[in-house]
Amino acid sequence: MRTTLDLNETLLTEAMKWTGETTKTATINEALRQVINSKKRTKLIEFAGKLHLDVNLDITRKRNGLHN
């Protein structure tokens, strides 16, 4: 998709250095992926301590053949 953007050149140059990307398009796509992943991780962290899973690891490990 083609879009015209007014980008901060300093930020873009720094982002290219940090990501190792060599094109503006690749850098912007990587930055978008990183923002999305960061927000998803934040949402998952918010669940910490709020979910109770009734899992018996001994049974699970034996069933999967991982128990010694």
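Worth saying up front: this structure is predicted, and the values here are computed from it rather than measured. FYI, the numbering just counts along the sequence from 1.
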N/O donor-acceptor pairs under 3.5 Å from side chains in residues 2-10, not counting sequence neighbours:
{"unit_1": "Asn8", "atom_1": "OD1", "unit_2": "Thr10", "atom_2": "N", "d": "2.9"}
{"unit_1": "Asn8", "atom_1": "OD1", "unit_2": "Leu11", "atom_2": "N", "d": "2.9"}

Mind listing the side-chain donor-acceptor pairs of residues 27-35 below 3.5 Å, one per line with the distance, residues two or more places apart or on another chain?
{"unit_1": "Thr27", "atom_1": "OG1", "unit_2": "Thr23", "atom_2": "O", "d": "2.7"}
{"unit_1": "Asn29", "atom_1": "ND2", "unit_2": "Thr25", "atom_2": "O", "d": "3.3"}
{"unit_1": "Glu30", "atom_1": "OE1", "unit_2": "Arg33", "atom_2": "NE", "d": "3.2"}
{"unit_1": "Glu30", "atom_1": "OE1", "unit_2": "Arg33", "atom_2": "NH2", "d": "3.2"}
{"unit_1": "Glu30", "atom_1": "OE2", "unit_2": "Gln34", "atom_2": "NE2", "d": "2.8"}

Practice problem: Could you list all the salt bridge (Lys or Arg N to Asp or Glu O under 4.0 Å) pairs where at least one residue sits in residues 10-22, not counting sequence neighbours? | Solution: none
Quiz prompt | ILVMFWY clustering at 4.5 Å (side-chain atoms), partners of Ile36 | solution = none
Could you give the side-chain donor-acceptor pairs of residues 40-51 under 3.5 Å, partners two or more places apart or in another chain?
{"unit_1": "Thr42", "atom_1": "OG1", "unit_2": "Ser38", "atom_2": "O", "d": "3.0"}
{"unit_1": "Lys50", "atom_1": "NZ", "unit_2": "Glu46", "atom_2": "O", "d": "3.4"}

